[in-house]
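Just so you know, these numbers come straight off a predicted model, no measurement behind them. Counting convention: from 1, in listed order, for ligands and their atoms alike.
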Amino acid sequence: MVKIAVVVGSTRPGRNGEAVARWVHDLAGKRTDARFELVDIATYELPLLDEPVPPSMGRYGKEHTQRWAAKVAEFDGYVFVTPEYNHGPSAALKNALDYLFAEWNNKAAGFVGYGSVGGTRAVEQLRLVAAELQMATVRTQVALSLFTDFENLSTFRPGDQHEMALTTMLDQLVSWSQAMKSLRDSSRMATVYQS
Ligand SMILES: Cc1cc2nc3c(=O)[nH]c(=O)nc-3n(C[C@H](O)[C@H](O)[C@H](O)COP(=O)(O)O)c2cc1C
């Protein structure tokens, strides 16, 4: 069965992101076609990228990088739960993505954004970043409004309609995670036969 991470993309004290990620994880946890785990980038305490060698070379020197890489490598797909900061994703999430390379490659990704217009501008930027990391991003995304899905801009009360979007996004993400897993397995087989 594929394993999918629900990545909490903000690290700010008092962040809304944790409640949003828990809502995603609770709904996803009712499914029987994949296993889901909450992954909070805050707990990895990643400094601003401090590896001397580019991540695409796969030579991770720092203990925090190795710990983060080991966690990310466990999954076949990711739900990135992202705030919108200045029309982009959080620097913390971008930094966590930049830290690694191979661990993201040939995996699937879906997005849950939140902000004044549903975090859509942050998600659009993340799609470009994900493409460079060789990730397959599903079309459906969840767009939560700070004004209608949070009381006083801080207590998360999602409208019922978002459950349908989340379910559709997860349907797409699970099937693409399965497809990408078989792609990784078959390219591994091709490497074995060539060697
Ligand atoms: C530095 C900063 C910049 C922000 N810029 C935007 C923005 O451009 N668009 C938007 O919709 N919301 C913006 N917001 C509002 C955030 O989307 C909102 O505060 C959200 O709750 C942040 O996520 P977090 O609570 O998980 O950190 C900004 C918030 C911060 C802290």
Side-chain angles (χ1 to χ4, degrees), residues 4-30 36-50 64-65 67-68 71-72 74-75 77-100 103-104 107-133 135 137-170 172-173:
I4 294 175
V6 178
V7 180
V8 190
S10 66
T11 54
R12 198 176 62 85
R15 62 193 174 168
N16 283 327
E18 195 174 331
V20 176
R22 288 197 185 285
W23 168 75
V24 172
H25 186 252
D26 287 350
L27 199 114
K30 295 181 182 144
F36 293 85
E37 182 179 322
L38 209 58
V39 174
D40 188 349
I41 56 176
T43 63
Y44 289 83
E45 297 182 332
L46 296 167
L48 279 177
L49 182 60
D50 63 352
H64 52 254
T65 314
R67 202 168 142 247
W68 177 231
K71 175 49 68 182
V72 171
E74 287 178 18
F75 301 99
Y78 309 89
V79 177
F80 293 109
V81 176
T82 183
E84 182 170 301
Y85 291 167
N86 297 313
H87 292 197
S90 68
L93 179 55
K94 177 64 165 54
N95 188 52
L97 285 160
D98 289 345
Y99 252 97
L100 309 177
E103 293 75 9
W104 303 119
K107 310 266 182 87
F111 302 95
V112 174
Y114 53 99
S116 57
V117 287
T120 49
R121 295 165 292 208
V123 170
E124 288 300 298
Q125 288 195 18
L126 279 176
R127 286 182 184 280
L128 295 176
V129 175
E132 175 55 16
L133 291 169
M135 300 176 94
T137 60
V138 300
R139 174 176 182 261
T140 301
Q141 68 193 59
V142 180
L144 300 158
S145 164
L146 272 183
F147 303 116
T148 56
D149 297 308
F150 294 83
E151 277 172 23
N152 301 320
L153 307 177
S154 59
T155 305
F156 187 44
R157 300 256 188 272
D160 293 342
Q161 75 279 15
H162 296 299
E163 278 206 16
M164 194 188 283
L166 178 57
T167 301
T168 305
M169 185 271 276
L170 292 172
Q172 295 171 349
L173 181 59

message: Using the salt bridge (charged side-chain N to carboxylate O under 4.0 Å, His left out) criterion, which residues pair with Lys94? Sequence neighbours excluded.
response: Asp98
field: Selection residues 140-152 - residue pairs positive for side-chain hydrogen bond (donor to acceptor under 3.5 Å, both in side chains), sequence neighbours left out
entry: Arg127-Gln141, Thr140-Gln172, Ser145-Thr148, Asp149-His162, Glu151-Arg157
message: Strictly under 4.0 angstrom, heavy-atom based: which residues surround ligand 1?
response: Ser10, Arg12, Arg15, Asn16, Gly17, Pro83, Glu84, Tyr85, Asn86, His87, Tyr114, Gly115, Ser116, Arg121, Leu146
- request: Assess the side chains of Tyr44 and Lys71: does a donor N or O sit below 3.5 Å from an acceptor N or O?
  value: no
field: Worked check of side-chain contact (heavy atoms from CB on, under 4.5 Å) between Val112 and Phe80
entry: CA-CA 6 Å; Val112 174; Phe80 293 109; over 6 Å; no
message: Below 30° counts as parallel, above 60° as perpendicular, anything between as tilted: where do the rings of Phe156 and Phe150 land?
response: tilted
statement: Hits for side-chain contact (heavy atoms from CB on, under 4.5 Å) against Asp40, two or more places apart or cross-chain, chain-then-number order -> Val8, Arg15, Ala42, Thr43
